[in-house]
J.: 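What follows is a single structure, and I will ask about it in a moment.
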Amino acid sequence: EAQVTQNPRYLITVTGKKLTVTCSQNMNHEYMSWYRQDPGLGLRQIYYSMNVEVTDKGDVPEGYKVSRKEKRNFPLILESPSPNQTSLYFCASRRVGTDTQYFGPGTRLTVL
Amino acid sequence: DAKTTQPTSMDCAEGRAANLPCNHSTISGNEYVYWYRQIHSQGPQYIIHGLKNNETNEMASLIITEDRKSSTLILPHATLRDTAVYYCIVRVAYDFNKFYFGSGTKLNVKP
């Protein structure tokens, strides 16, 4: 089944403790992206990647890092999480040349 | 970048057509209009997109005004499972990779 998976689905952590949210897609898509969703603000793009080793900032990249060493994986790294990064995070992928993004199920992160 | 304006919420009776409006008065000539929906904190789901012509697929129809300043997503026979937040998005013309999601419209389909 074609899908985008994220892990973990739920995470509660404390300020300053480094964490990684994984994202994987099995559709051989070149493009991958991370979004965060907060009440009243809709989805905001954090980072995106056009292909392996090619990443770029979205609208709200501060406090986040990403890497794209393999085509299927696009982890989101929070080196020193803060409470304002408490949010619902979505990973998405798309085949270059098409317009349809496929979203993962979401990761709900709470930073205390 | 073109911004979009949508009503915060709408109600629709089950079995009736749901018409969701979107204003994008600052859209430029080569920007597309996309619609996605999100069912209760699940990942957003693509519905349809268009440039200037009306479009139809198995999920919905998209009507774009001649001046392209607004559009309407039509769900022809809404069901309870169509209850979701619907996002109207305008794709940035010079950067294919950025999608700007607004606050969307919460559609409540009622029995």
Side-chain angles (χ1 to χ4, degrees), chain A residues 2-7 9-10 21 23-25 27 29-51 54-61 66 68 74 87-109, chain B residues 1-9 20 22-24 30-53 55 57-60 62 64 71 73 84-107:
Chain A
Q3 60 182 353
V4 178
T5 57
Q6 296 178 225
N7 281 293
R9 295 290 313 280
Y10 302 90
V21 183
C23 172
S24 184
Q25 50 93 6
M27 296 170 278
H29 287 170
E30 298 87 359
Y31 174 89
M32 298 185 74
S33 181
W34 276 103
Y35 295 84
R36 62 177 287 175
Q37 185 173 31
D38 304 288
L41 295 176
L43 283 99
R44 294 179 292 169
Q45 193 175 46
I46 303 171
Y47 269 95
Y48 63 92
S49 169
M50 279 291 293
N51 213 324
V54 180
T55 63
D56 206 349
K57 297 177 181 179
D59 300 312
V60 288
V66 293
R68 187 90 183 273
F74 190 45
S87 188
L88 178 59
Y89 291 86
F90 289 101
C91 179
S93 74
R94 173 174 61 80
R95 185 177 307 283
V96 169
T98 67
D99 295 302
T100 304
Q101 287 197 88
Y102 295 86
F103 283 81
T107 294
R108 189 169 292 280
L109 172 66
Chain B
D1 304 327
K3 298 282 191 288
T4 61
T5 304
Q6 300 176 252
T8 303
S9 65
L20 293 95
C22 179
N23 183 290
H24 32 78
N30 57 354
E31 290 183 306
Y32 286 76
V33 180
Y34 289 79
W35 284 84
Y36 279 73
R37 74 179 182 184
Q38 186 176 23
I39 298 173
H40 189 55
S41 296
Q42 296 178 21
Q45 176 190 22
Y46 167 83
I47 302 173
I48 199 168
H49 76 280
L51 181 62
K52 55 183 179 181
N53 297 322
E55 302 287 344
N57 63 20
E58 64 278 4
M59 288 183 69
L62 173 60
I64 302 174
S71 60
L73 177 74
V85 177
Y86 287 77
Y87 295 97
C88 171
I89 303 156
V90 173
R91 191 184 79 192
V92 177
Y94 58 84
D95 192 335
F96 187 82
N97 297 300
K98 290 190 175 182
F99 279 70
Y100 294 91
F101 286 75
S103 302
T105 297
K106 175 65 189 301
L107 176 67

J.: Does any heavy atom of chain A fall under 4.5 Å from the side chain of B/Tyr32, the backbone, both, or neither of them?
T.: neither
J.: Among residues at least two apart in sequence or on other chains, which ones pass side-chain hydrogen bond (donor to acceptor under 3.5 Å, both in side chains) with A/Asn51?
T.: none
J.: With a 4.5 angstrom heavy-atom cut-off, which part of A/Leu88 approaches chain B: side chain, backbone, both or neither?
T.: side chain
J.: May I ask you to name which of A/Thr100, A/Leu43, A/Val4 has the most heavy-atom pairs under 4.5 Å with chain B?
T.: A/Leu43
J.: Assess the side chains of A/Gln101 and A/Tyr35: does a donor N or O sit below 3.5 Å from an acceptor N or O?
T.: yes
J.: Select one option (side chain, backbone, both, neither) describing which atoms of A/Arg44 are under 4.5 Å from chain B's heavy atoms.
T.: neither
J.: Using side-chain hydrogen bond (donor to acceptor under 3.5 Å, both in side chains) as the criterion, point out the one residue from B/Gln6, B/Gln38, B/Arg37 that pairs with B/Tyr87.
T.: B/Gln38
J.: For residues B/Gln42 and A/Phe103, determine if any side-chain heavy atom of one lies less than 4.5 Å from a side-chain heavy atom of the other.
T.: no
J.: Quick one, B/Glu31 and B/His24 - any side-chain contact, counting heavy atoms below 4.5 Å?
T.: no
J.: Sort A/Gln37 into side chain, backbone, both or neither according to what part of it lies under 4.5 angstrom from a heavy atom of chain B.
T.: side chain
